[in-house]
Amino acid sequence: AGQGRTVLVSSHLLSEMSLTATDLIVIGKGQLITQATTTDFIQQAGGSVTRVRSPQLDALRDALTGAGATVTVEGAALIVANMAIGAVGELAASIGAVLHELSPQSGSLEDAFLRMTGESVEFRAPAEEIESGLR
């Protein structure tokens with residue numbers, strides 16, 4: 001690839017693919033699911049959220065929810081979906097909330113792959129085998 005050539009790799013090792021691939025083609029049940037850059041693929045699957053920490057967590061959560069964001073509490077932080085990181089910061093400023101953290105969080109390639117291909121899986125282990133760790 002460093003010489004300007006195309007390298008095609010077919011793999012189910014998603015952790016390895018996230019480190020080496022710049023573009024992905026995902027096929028399920030013989031059909032093209034998507035063709036995108038690795039970054040775009042993760043974003044398309046809804047893997048981008050914003051992590052926020054603030055001493056005014058309750059007020060910030062209420063304001064974010066009121067503005068249409070999807071907010072979940074994770075320990076001493078809020079995980080905000082459906083709102084751009086800049087809008088989260090601006091909303092916090094508008095209510096006078098001090099921020100200790102405002103950081104983008106993106107899912108892994110594996111998370112995105114599972115979300116995007118959920119309907120295209122041909123073979124699944126029975127739920128009881130997955131839960132017990134048997135394969």
Side-chain angles (χ1 to χ4, degrees):
Q3 297 173 349
R5 297 178 180 168
T6 300
V7 177
L8 179 64
V9 178
S10 175
S11 177
H12 288 89
L13 301 174
L14 297 178
S15 59
E16 186 175 287
M17 288 294 94
S18 69
L19 297 173
T20 57
T22 56
D23 294 279
L24 301 172
I25 297 174
V26 180
I27 299 171
K29 292 186 177 178
Q31 300 291 319
L32 176 67
I33 294 173
T34 190
Q35 178 178 356
T37 66
T38 305
T39 302
D40 288 346
F41 180 73
I42 292 170
Q43 289 176 348
Q44 286 173 8
S48 296
V49 296
T50 302
R51 179 181 170 85
V52 184
R53 287 187 314 111
S54 169
Q56 294 94 14
L57 213 56
D58 291 335
L60 187 55
R61 182 187 65 232
D62 293 343
L64 289 164
T65 303
T70 303
V71 181
T72 55
V73 178
E74 186 179 275
L78 300 177
I79 305 300
V80 183
N82 303 325
M83 183 178 279
I85 190 170
V88 173
E90 290 170 10
L91 182 63
S94 75
I95 65 166
V98 172
L99 297 182
H100 291 176
E101 179 182 359
L102 180 65
S103 59
Q105 309 285 298
S106 60
S108 68
L109 179 58
E110 185 172 359
D111 293 337
F113 179 82
L114 292 173
R115 273 191 226 99
M116 293 287 279
T117 61
E119 298 298 316
S120 300
V121 175
E122 287 187 69
F123 305 103
R124 294 179 199 250
E128 57 275 1
E129 286 184 22
I130 294 171
E131 289 172 9
S132 67
L134 300 176
R135 286 210 158 203

*Asks:* Tell me, do Pro55 and His100 make a side-chain contact under 4.5 Å, heavy atoms counted?
*Replies:*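 The answer is yes; the side chains approach within 4.5 Å.
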*Asks:* Mind checking side chain to side chain donor-acceptor pair (under 3.5 Å) for Thr72 and listing every partner two or more places apart, or none if nothing turns up?
*Replies:* none
*Asks:* Using links of under 4.5 Å between side-chain heavy atoms of ILVMFWY residues, direct or through other members, which residues join Val88 in one cluster?
*Replies:* Val52, Leu57, Leu60, Leu64, Val71, Val73, Leu78, Val80, Met83, Ile85, Leu91, Ile95, Leu99, Leu102
*Asks:* Taking the side chain as every heavy atom from C-beta outward, state whether Gln35 and Leu24 have any pair of such atoms under 4.5 Å apart.
*Replies:*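 SC-SC contact between Gln35 and Leu24 ruled out.
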*Asks:* With side chain to side chain donor-acceptor pair (under 3.5 Å) as the rule and sequence neighbours excluded, what pairs involving residues 79-92 come up?
*Replies:* Thr70-Asn82
*Asks:* If I compare all heavy atoms of Phe41 with all of Phe113, which pair ends up nearest, and what's the gap?
*Replies:*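 Closest heavy-atom pair between Phe41 and Phe113: CE2-N, 3.6 Å.
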*Asks:* On a heavy-atom basis, which atom in Val49 and which in Ala81 lie closest, and how many Å separate them?
*Replies:*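 Reported closest heavy-atom pair: CG1-CB, 3.9 Å.
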*Asks:* Not counting sequence neighbours, which residues clear side chain to side chain donor-acceptor pair (under 3.5 Å) with Thr65? List them please.
*Replies:* none
*Asks:* Just how far is it from atom OG1 of Thr50 to atom CD of Gln105, taken to the nearest 0.5 Å?
*Replies:* 8.0 Å
*Asks:* Locate the shortest heavy-atom distance separating Ala36 from Asp40; write the atom from each residue and the value.
*Replies:* CB-CB, 4.1 Å
*Asks:* Test side chain to side chain contact (heavy atoms under 4.5 Å, CB included) on Val9 and Met17 and set out the steps.
*Replies:* CA-CA 9 Å; Val9 178; Met17 288 294 94; 3.6 Å; yes
*Asks:* For the backbone of Ala21 and the side chain of Thr38, can you confirm whether one donor and one acceptor N or O come within less than 3.5 Å of each other?
*Replies:* yes
*Asks:* Taking only residues two or more places apart in sequence or in another chain, which ones pass salt bridge (charged side-chain N to carboxylate O under 4.0 Å, His left out) with Glu101?
*Replies:*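 Glu101 satisfies salt bridge (charged side-chain N to carboxylate O under 4.0 Å, His left out) with Arg51, Arg53 once adjacent residues are dropped.
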*Asks:* Could you list all the salt bridge (charged side-chain N to carboxylate O under 4.0 Å, His left out) pairs where at least one residue sits in residues 5-25, not counting sequence neighbours?
*Replies:* none
